[in-house]
Amino acid sequence: MMRTHHCGELTAENIGQQVTLAGWVNRRRQHGEHLAFLDIRDYTGLTQCVVDNTVDARSEYVITVTGTVTARVEGTVNRDLPTGEIELQDCIIEVLSEAEPPPFPIDERADKVDEMVRLKYRYLDLRRERMQRNLRLRSKINAAIRSAMANQDFIEVETPMLMPSTPEGAREFLVPSRQRPGNFYALPQSPQLYKQLLMVGGLDRYYQIARCLRDEDLRADRQYEFMQLDLEMSFVEVDDVLSAAEVGVLDAAEVATGVRPTEVPRITWHEAMERFGTDKPDIRFGMELVELTEVFAQTGFKAFSSAGSIKGIKVDGGASQYGRNKLDGLTDEAKAMGAKGLVWLKVIVPEAAEGEQGSDGVASGLAFQSPVAKFISADETASILSTMDATEGDLILIVADEWTTTCEVLGELRNRIGRPPVHEGPYKYLWVVDFPLFVGVDAATGRPKPGHHAFCHPHPDDLDKLESDPMSVRAWAYDLVLNGWELGSGSIRIHDPLLQRRVFALLGIDDEEADRRFGFFLDPFKFGAPPHGGFAYGIDRLSAILAGEENIREIIAFPKPSSGVDPMTGSPGEVDDGQLEELGLRVLPPAE
RNA sequence: GGUCCCGUAGUGCAGUCUGGAGUGCACGCCGCCCUGUCAAGGCGGAGGUCGCGAGUUCAAAUCUCGUCGGGACCGCCA
């Protein structure tokens with residue numbers, strides 16, 4: 001070994017020992033011809049070395065230091081440093097690698113450096129405490145999850161990265177075949193198909209920390225390639241899958257934060273939409289959607305009288321924080337999201353509403369200040385105030401539209417107004433269950449679109465409505481949500497070919513087409529498929545939140561910026577004509 | 001494809017609204033001084049295609065248009 005200790009572990013207990021440390025020169029403080037302090041750094045921390053100033057070791061030089069652990073003289077102890085009671089004296093420095101000055105400081109100041117510069121020199125960025133902490137935390141999370149799965153008798157199985165193209169869902173990365181020019185593999189969006197076949201294969205319980213690839217636009221919580229904990233189980237019902245998946249997530253959370261979440265509440269998709277206006281509610285804060293449709297059952301206000309669903313949210317004390325400009329901005333946002341409009345009401349004491357239209361005569365003594373206050377009756381005003389539990393100074397936002405729009409618009413407004421950054425605690429996990437089997441209608445075919453995927457098992461209680469009222473059919477599908485981020489999703493799968501055929505029929509896929517597109521996947525189910533279901537959750541997202549980061553790039557060693565172009569390697573790049581020829585490919589000129 | 005924001009020395013910024021010589025700050029870098037610092041301190045120095053290109057103007061980092069790069073979000077992500 002080139003070293004006897006790490007740079008962050010020497011304490012007063014080591015005084016008198018001769019030690020050798022290896023690492024990078026973190027900083028050098030020169031005090032004269034024959035005295036300099038030199039901090040040596042590795043992933044564990046810093047140790048101060050007292051050296052002769054003639055030593056030529058500058059920032060980021062890689063060195064070993066052999067010296068004697070010595071108590072610092074009175075008054076020079078550094079309480080901010082774990083190793084601050086000691087220093088190395090009589091040092092012998094060996095320079096292993098010289099270093100040019102780094103383009104940015106290797107410390108927390110680099111947090112403010114342009115991310116493209118950090119990514120171009122990622123190997124320097126990784127030397128920083130923040131990145132070391134994040135990647136080591138992620139490693140612990142991976143280990144905790146693996147252990148949790150193994151302890152539940154799941155077996156880890158690797159599945160192919162080269163698989164057939166299945167154009168449904170996310171856009172795929174394609175890989176040209178050299179041996180069969182003009183033919184392509186696809187990189188897996190997920191191991192979905194294979195893991196179900198593992199169940200047919202009798203593996204019973206499978207898991208994998210799987211790399212998934214999707215050629216879709218990048219975001220703070222999305223990379224082209226990302227890692228999922230993927231699992232699948234045979235002979236199970238929904239609760240079995242949720243319980244099994246939960247163990248890994250909660251173990252990971254405990255390892256990362258020291259606190260094990262006590263429980264993960266479950267709510268239905270419908271309740272999530274009703275109360276939070278989204279299928280991934282952030283339940284760290286209130287401001288829930290309040291049902292107001294009945295309040296306006298007899299209303300003369302035209303904007304409300306024809307609406308299928310009227311709901312509101314209350315911003316406590318928001319009346320003074322939201323001036324006309326901000327309210328106009330919210331209204332524009334609501335319209336951009338598909339609402340016909342947004343009604344805002346400021347709860348006031350009427351006397352304060354000088355020159356403004358108020359609706360008064362309410363027993364509470366409160367009224368609304370609003371452009372539409374004159375359209376809201378005294379009864380309605382009183383009813384809104386009591387239903388929403390509003391007091392003076394509150395701001396009420398109301399959307400009246402079809403149910404989905406009302407919920408989604410208010411859900412988005414709720415998030416924009418009240419939602420803390422995702423990485424700020426507390427951590428609130430949530431299962432959302434009973435998703436609808438179909439979501440919306442395909443504009444081209446007029447057929448319903450699968451909410452999860454075409455192999456998702458309908459809720460058995462709704463099977464009789466499958467053909468008569470497909471849009472009301474619930475699915476045995478579920479999502480796990482953490483602080484408003486979708487961590488993962490899963491479902492119980494269809495294992496009965498006849499039921500699969502019924503679902504395909506609704507999607508407009510006949511037997512011939514099903515065989516052509518999914519034959520390799522469906523044929524195995526003719527040979528005895530066990531009932532099975534599974535789940536997958538994003539390890540990048542989980543790690544980011546548990547690390548207190550709001551961008552998954554911070555917990556990935558070599559991520560790509562949202563352009564998809566890696567500033568460090570320059571990829572993607574052009575390839576030789578010879579490589580293209582071998583693959584039977586020709587590049588078209590750029591489209592206009 | 002869309003909306004909004006950003007681009008000035010190796011790094012982080014000010015200057016842009018209200019046009020007047022690359023004007024400045026901090027860190028870093030180089031040199032010198034310095035024996036107890038720990039983001040050491042002092043003195044000196046080097047370092048610039050103000051992203052790029054047009055336009056307006058006597059004059060553009062500053063105004064206009066275009067373009068490139070980056071970020072957040074929408075679309076998209078079964």
Side-chain angles (χ1 to χ4, degrees), chain A residues 26-41 46-53 58-60 70 72-81 83-85 87 89 99-121 124-125 166-172 189-190 192-193 212-224 226 329 332-333 336-338 408 412 415-416 421 435-440 442 448-456 475 477 479 486 489-491 507 536 538 550-551 553 560-565 567:
Chain A
N26 192 58
R27 191 157 286 127
R28 178 194 180 105
R29 298 174 292 280
Q30 306 186 114
H31 282 265
E33 196 178 353
H34 294 297
L35 176 65
F37 300 99
L38 189 152
D39 295 333
I40 182 171
R41 179 195 74 234
L46 301 174
T47 296
Q48 172 168 287
C49 308
V50 184
V51 300
D52 191 283
N53 206 356
R58 306 182 180 214
S59 287
E60 299 308 312
T70 309
R72 293 199 189 184
V73 300
E74 184 100 13
T76 65
V77 170
N78 186 344
R79 302 286 172 202
D80 298 329
L81 223 54
T83 59
E85 283 187 77
E87 62 194 2
Q89 294 275 10
E100 293 180 11
F104 52 82
I106 310 299
D107 59 31
E108 69 286 349
R109 283 172 293 185
D111 290 343
K112 291 182 178 168
V113 171
D114 186 313
E115 194 181 0
M116 288 299 275
V117 178
R118 288 177 59 205
L119 291 180
K120 181 174 181 182
Y121 300 95
L124 298 180
D125 196 31
T166 50
E168 290 74 24
R171 188 181 296 112
E172 300 169 318
Q189 307 165 34
S190 80
Q192 184 67 37
L193 304 177
C212 305
L213 299 106
R214 297 180 185 174
D215 187 6
E216 299 288 352
D217 289 358
L218 276 41
R219 290 285 165 76
D221 61 350
R222 282 166 24 190
Q223 284 277 304
Y224 284 146
F226 59 100
D332 290 343
E333 285 171 20
M337 286 180 264
E408 288 178 350
E412 181 61 27
N415 275 340
R416 292 205 187 193
F435 271 71
L437 188 63
F438 301 109
V439 175
D442 188 310
K449 293 189 291 188
H452 188 51
H453 56 58
F455 315 110
C456 178
D479 275 9
E486 180 191 321
S489 59
S491 64
L507 298 173
E550 55 184 332
N551 192 309
R553 294 194 291 270
K560 290 179 176 57
S562 66
S563 61
V565 176

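We name chains A, B, ... by the order of the sequence lines, and we start the count at 1 in each one.
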Pairwise 5' ranking along RNA chain B for A/Leu218 and A/Arg171, keeping only the more 5' one: A/Leu218
5' priority, RNA chain B, between A/Asn78 and A/Met116 [closest heavy atom]: A/Asn78
Both distances under 3.5 Å, Watson-Crick or G-U wobble: report the partner of [N], or none.
N      : result
B/rG69 : B/rC6
B/rG28 : none
B/rA46 : none
B/rC76 : none
B/rU35 : none
B/rU16 : none
B/rC63 : B/rG55
B/rA21 : none

With rounding to the nearest 0.5 angstrom, report the [atom1] to [atom2] distance, [X] to [Y].
X        : Y        : atom1 : atom2 : answer
A/Arg553 : A/Leu119 : CZ    : CG    : 7.0 Å
A/Asn53  : A/Arg28  : CG    : CZ    : 5.0 Å
A/Glu115 : A/Asn551 : CD    : CG    : 6.0 Å
A/Met337 : A/Asp332 : CE    : CG    : 10.5 Å
A/Glu85  : A/Thr70  : CD    : OG1   : 13.0 Å
A/Asn26  : A/Leu38  : CG    : CG    : 9.5 Å

Determine: side-chain N/O of [X] to OP1/OP2 of [N], distance under 4.0 Å, yes or no.
X        : N      : value
A/Arg553 : B/rA72 : yes
A/Arg29  : B/rA40 : yes
A/Asn26  : B/rA39 : no
A/Arg58  : B/rC30 : yes
A/Thr76  : B/rU37 : no

Presence of salt bridge, A/Arg29 and A/Asp39, under 4.0 angstrom: yes
Pi stacking test for A/His31 and B/rG36: under 5.5 Å apart, planes under 30°: no
Presence of donor-acceptor pair under 3.5 Å, side chain of [X] and base of [N]:
X        : N      : result
A/Arg27  : B/rC38 : no
A/Arg219 : B/rG75 : yes
A/Gln30  : B/rG41 : no
A/Arg222 : B/rC76 : yes

Taking side chain as C-beta onward, heavy atoms only, is [X] less than 4.5 Å from [Y]?
X        : Y        : result
A/His453 : A/Gln192 : yes
A/Tyr224 : A/Leu213 : no
A/Lys449 : A/Val439 : no

Starting at [atom1] of [X] and ending at [atom2] of [N], how long is that distance when rounded to a whole Å?
X        : N      : atom1 : atom2 : result
A/Gln48  : B/rC38 : CD    : P     : 10 Å
A/Asn53  : B/rC32 : CG    : C1'   : 12 Å
A/Glu33  : B/rU37 : CD    : C1'   : 18 Å
A/Asn415 : B/rC73 : CG    : P     : 13 Å
A/His34  : B/rG36 : NE2   : C1'   : 16 Å
A/Phe37  : B/rU35 : CZ    : C1'   : 8 Å
A/Glu115 : B/rG71 : CD    : P     : 7 Å
A/Arg118 : B/rG71 : CZ    : P     : 12 Å

Partners meeting side chain to side chain contact (heavy atoms under 4.5 Å, CB included) with A/Ala99 (sequence neighbours left out): A/Glu60, A/Tyr61
When the [atom1] atoms of [M] and [N] are compared, how many Å lie between them, rounded to an integer?
N      : M      : atom1 : value
B/rA46 : B/rC27 : C1'   : 16 Å
B/rG42 : B/rA26 : P     : 10 Å
B/rG10 : B/rA54 : P     : 23 Å
B/rG7  : B/rU11 : P     : 14 Å
B/rG45 : B/rG24 : P     : 12 Å
B/rA9  : B/rC5  : C1'   : 24 Å
B/rU67 : B/rA72 : P     : 23 Å

Residues A/Asp221, A/Arg219; criterion salt bridge (Lys or Arg N to Asp or Glu O under 4.0 Å); working and verdict: CA-CA 5 Å; A/Asp221 61 350; A/Arg219 290 285 165 76; over 6 Å; no
Base, sugar-phosphate alone, or nothing: which one does [X] contact when heavy atoms must sit under 4.0 Å apart?
X        : answer
A/Glu172 : nothing
A/Gln89  : base
A/Gly451 : sugar-phosphate
A/Ser59  : sugar-phosphate
A/Gln189 : nothing

Trace of the salt bridge (Lys or Arg N to Asp or Glu O under 4.0 Å) decision for A/Arg222 with A/Glu216: CA-CA 9 Å; A/Arg222 282 166 24 190; A/Glu216 299 288 352; 5.9 Å; no
Closest listed nucleotide, where the reference is the side chain of A/Glu87 and the choices are B/rU37, B/rG70, B/rC77: B/rU37
Where protein sits on nucleotides 6-11 of chain B, one letter per nucleotide: B base, S sugar-phosphate only, - none, heavy atoms under 4.0 Å: ----SS
For nucleotides 43-47 of chain B, give me every protein contact, N/O to N/O, under 3.5 Å, one pair per line with atom names.
none

Main-chain N/O of A/Thr166 paired to A/Glu172 side chain as donor or acceptor, under 3.5 Å: yes
